[in-house]
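First comes the structure, then the notes that go with it.
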There are 2 protein chains.
Amino acid sequence: MRISARLFAVQRHTRQVRPAMAPLHRQISGTSGTLKPAAAAQSSVEQRFQPLPFFSRDAPPSSELSRGSNVTALLKRTRPLELPHVASNTRKVSVGWSNGVTSHFHHIWLRDHCRCADCLHPVTKQRLVNTFEIPPDVQPVRAESRPTGLEVTWSESPRHTSTFPWEWLSRSSYDPPIKYSPTFNSSRKTLWDSSIQQSPPIVSYEEVMKNDTGVYKWLQKIDEFGFCFISGVPPNPQDTETLTRRIAFIRDTKYGGFWDFTSDLEHGDTAYTNLALGAHTDTTYLSDPCGLQLFHLLSHEGTGGKTLLVDGFYAAAKLREKYPSHYELLTEVKISAHAAGDADSLYIPDEPFSILRKDLKGELMRVRYNNDDRSVLKFIDPVLVDDWYDALRSWNQCLTSPDAELWVQLTAGTAVVVDNHRVLHGRSAFTGKRRMCGAYVGADEWKSRLRVLSQAIDRQAWNSEF
Amino acid sequence: MRISARLFAVQRHTRQVRPAMAPLHRQISGTSGTLKPAAAAQSSVEQRFQPLPFFSRDAPPSSELSRGSNVTALLKRTRPLELPHVASNTRKVSVGWSNGVTSHFHHIWLRDHCRCADCLHPVTKQRLVNTFEIPPDVQPVRAESRPTGLEVTWSESPRHTSTFPWEWLSRSSYDPPIKYSPTFNSSRKTLWDSSIQQSPPIVSYEEVMKNDTGVYKWLQKIDEFGFCFISGVPPNPQDTETLTRRIAFIRDTKYGGFWDFTSDLEHGDTAYTNLALGAHTDTTYLSDPCGLQLFHLLSHEGTGGKTLLVDGFYAAAKLREKYPSHYELLTEVKISAHAAGDADSLYIPDEPFSILRKDLKGELMRVRYNNDDRSVLKFIDPVLVDDWYDALRSWNQCLTSPDAELWVQLTAGTAVVVDNHRVLHGRSAFTGKRRMCGAYVGADEWKSRLRVLSQAIDRQAWNSEF
């Protein structure tokens, strides 16, 4: 059973027949909430996310909102110059936007996505309408263009009216599909090479601990660059753990939660040795590899032990530029990985994966690569075997090219966070004794935290996803 | 940085050029281990996994091994009647099995998969051979059929010989691909309907706590049926948590780790209400939804509150039988989900997913369904919208069919574990106060535990994956 806001899905008990005349929306009880400001009002100022230009061009820049300008004033200023043109036939409602594009929405789709408080819970954003009680041939009796959005009145009794805010509707367009969805792989990534050494992304422990704006700045840098240093961290595990938890809870793995270990060579484990580690991502053998990795060198009596970071997205971009067919192969061929070295665990991910993973739009969304942990190559068309090895060789060449490598000598007091879905890490060999602490944070967790902060601080609206 | 056995990937420091004549395998240090018995010796007795019949038919049944028979004796008895026929050309080595099938292995593939202790760490099963130092046109000087496996000697200096155990090689065949791989979606699932009420899968708390054989039996039932009851659990959260940890560590989520909550209606959250919940899977909005869910009703002063379980694989099989095109649509169309009800989190999975997920072989591997949490439907070809809603309606019909539903009145002392990737759960409404405790366990975790136990107790070999 789920522990958060669970809205009851069907109001029936054991094999009890549902009333034939039940209202489409389900009864809400135990929770009450008010509708947030219309998505259109909030989102129209996000120039970055605006997919279809039907709002006034004199809308203020997004920075105006973050300077604390009045939302009501903005609402007036961003009111559409001309309302979208609405028409309907027996199956769909069409919406003609001011840029000449026309979106088509099926009646069943509209009824299922009704945004009213009886059909979509205003607080939990969960569906309250009972999808399965919508007649497959549901018809509107009226569909009109209103300043607040597309207004559709349905033939059901009693009459039900749905209002779809224009901004929400334009972002939800599937016919034609919108070009840009902020949900998936939406961040603005700045690819980097070794020259980032001049000015690497960094925040201070003080600002991160002070308030959420500091955390937001930190996560934005991680989102943009795939890594970020944190300066001025007290060199002890307790404060490092507290720092980590400013993002979210720690992701437990077979290695435990928060780590604190030394290279005393007493353990039969190379993490506890002084060997060099090539650039790789971690936990490739988990179905959902760890998202962020924070580590903090607490002490090192000896030499060497430089940290290596490589932007996997930069290396992939190079690969695509120099060897496009190799890039494609690495996005297509599925491999697997394993962690079979411990007596108490034997990890194999739930299904094979590609080293470079594309999203639905065909854009790179993840790098997942540790050649040592790679399992038997057997999910491959035999005619591609030689090509795949060629592609892997090209990938290795891009990854290990000096211009891709950022080498940093970490010192106590400076922690680093790495996005394990993008940036590969490694280290050079070292002498002496080294004490390291750190932890993993799940990808869902840090991205959730970033969305919440972007909503609170930059007033970014995510309503168009729900 | 990874904390387990990390074998150094490249023996170089900052921009140091690798020696041109470096040996293909990398130096091992800090770890030592002995090779486990050859995969062929261990695996040849697993009738269930044997893909290509070249071993003697008088091999003993797998039960013989679990009764503790001598492995050396078995080795003799299961020696191949006739060695596979080996030939090679300039690009590949071919292996003719006794059933007439011929597998082809590229030279580069063979060199990269060398099973010797210098190329594959005997304990960690990590790749030690440096893939990138294998010449693309690597050639064997000799390839021979030996009782121990395919023996290949490479032209490198000093000479290197690889031996590929027959069993491992047959399971690793990609040209042609083998029909069966135990890695993914390999369990024998017994689909069930409401008649399982007569004899549901159950284990006792005592046997699970006593030894690992009890845990193995428990996990096998979860693997086969997608759920299992545990009787005789002391009705308190402490013992329930200890029971959960017999499987693995608890998966933390935004709801915390181990839960203990009551339906006191004081929280604005329907989990704390007495509302009915339709059959669904949990955490559909996480990139990797939780694997197992254990819950234990500690007390209930009131009536109602029956627990509903539905085998999603059974419902999907029904859907496929009755409406094959609807089944296909639900495996193809990607949807998304969200958890947006809490001020401190905003979850959206890393990419859209299908309600019914197929594996690489086209077989159903996962059910992920909560219609209430479903996000805007926009990753869909517009011509499929009406059909998709029809398919969803058919799916709902299969899921809510009385013959699919198992209704159970839980009582204190009987916990239940549900595989959240297969079995949907819900509850009827209830009156009075109810105290529930429970937790999630990650899918990777419980499957890892099951593999380890199957290796220890049933001597199942997983070597063919590495």
Side-chain angles (χ1 to χ4, degrees), chain A residues 2-3 5-10 13-15 30-31 106 108-109 124-127 132 172 174-175 183-184 249 252 255 259 268-271 273 275-278 282 286-288 338 340-341 345-348 351 359 372 375-376 378 380 382 385 389 396 402 407 428 444 448 451-452 465-466, chain B residues 2-3 5-10 13-15 30-31 106 108-109 124-127 132 172 174-175 183-184 249 252 255 259 268-271 273 275-278 282 286-288 338 340-341 345-348 351 359 372 375-376 378 380 382 385 389 396 402 407 428 444 448 451-452 465-466:
Chain A
R2 172 149 159 226
I3 300 307
R6 290 284 320 119
L7 297 153
F8 67 115
V10 282
H13 300 231
T14 312
R15 298 180 192 176
T31 51
H106 290 71
I108 180 96
W109 187 99
T124 73
K125 310 291 187 197
Q126 287 178 299
R127 179 172 278 95
F132 308 107
S172 301
Y174 56 89
D175 181 13
T183 316
F184 304 101
F249 60 81
D252 208 358
Y255 315 110
W259 329 303
D269 184 322
T270 52
T273 71
L275 300 172
L277 301 173
D282 272 17
L286 293 181
S287 297
D288 177 38
H338 56 268
S345 59
L346 180 43
Y347 284 89
I348 299 171
E351 60 176 352
D359 64 18
D372 299 352
S375 303
V376 173
K378 56 184 166 186
I380 186 167
V385 169
Y389 275 101
N396 180 64
W407 284 97
S428 63
D444 282 345
S448 163
R451 284 185 204 108
V452 166
E465 306 310 316
F466 316 136
Chain B
R2 172 153 158 223
I3 300 307
R6 291 284 321 120
L7 296 155
F8 67 115
V10 282
H13 301 232
T14 312
R15 298 179 193 180
T31 50
H106 290 71
I108 180 95
W109 187 99
T124 73
K125 310 293 186 195
Q126 288 179 298
R127 180 172 278 96
F132 308 107
S172 302
Y174 56 89
D175 183 13
T183 316
F184 305 100
F249 60 82
D252 208 1
Y255 315 110
W259 329 303
D269 184 322
T270 52
T273 71
L275 300 171
L277 301 174
D282 272 18
L286 294 181
S287 298
D288 177 37
H338 56 269
S345 60
L346 180 42
Y347 283 91
I348 299 172
E351 60 175 351
D359 64 18
D372 298 352
S375 303
V376 173
K378 55 184 167 186
I380 187 168
V385 169
Y389 275 102
N396 180 63
W407 284 97
S428 62
D444 282 345
S448 163
R451 284 184 206 109
V452 166
E465 307 309 317
F466 316 137

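When reading the values below, keep in mind they use all heavy atoms of this one structure, side chains included, and skip hydrogens, waters and symmetry mates. In what follows, every chain begins at residue 1, and chains take the letters A, B, ... in the order their sequences are listed. Remember, it's a predicted structure, so these values are computed and weren't measured experimentally.
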Honestly, the part of A/F249 sitting under 4.5 Å from a heavy atom of chain B is side chain
Here the gap from B/W407 atom CH2 to B/S428 atom OG, rounded to the nearest 0.5 Å, amounts to 5.0 Å
Value for CG (A/D282) from OH (A/Y255), rounded to nearest 0.5 Å, stands at 7.5 Å
One should read off an interatomic distance between A/Y174 OH and B/I380 CD1, to the nearest 0.5 angstrom, of 8.0 Å
To the nearest 0.5 Å, atom OG1 of B/T124 lies from atom CG of A/D372 at 8.5 Å
Applying a strict 4.5 Å limit to non-hydrogen atoms, the region of B/F466 in contact with chain A is both
Under 4.5 Å to a heavy atom of chain B? For A/Y389 that would be side chain
Chain B shares the most heavy-atom pairs under 4.5 Å, among A/V452, A/D175, A/L346, with A/L346
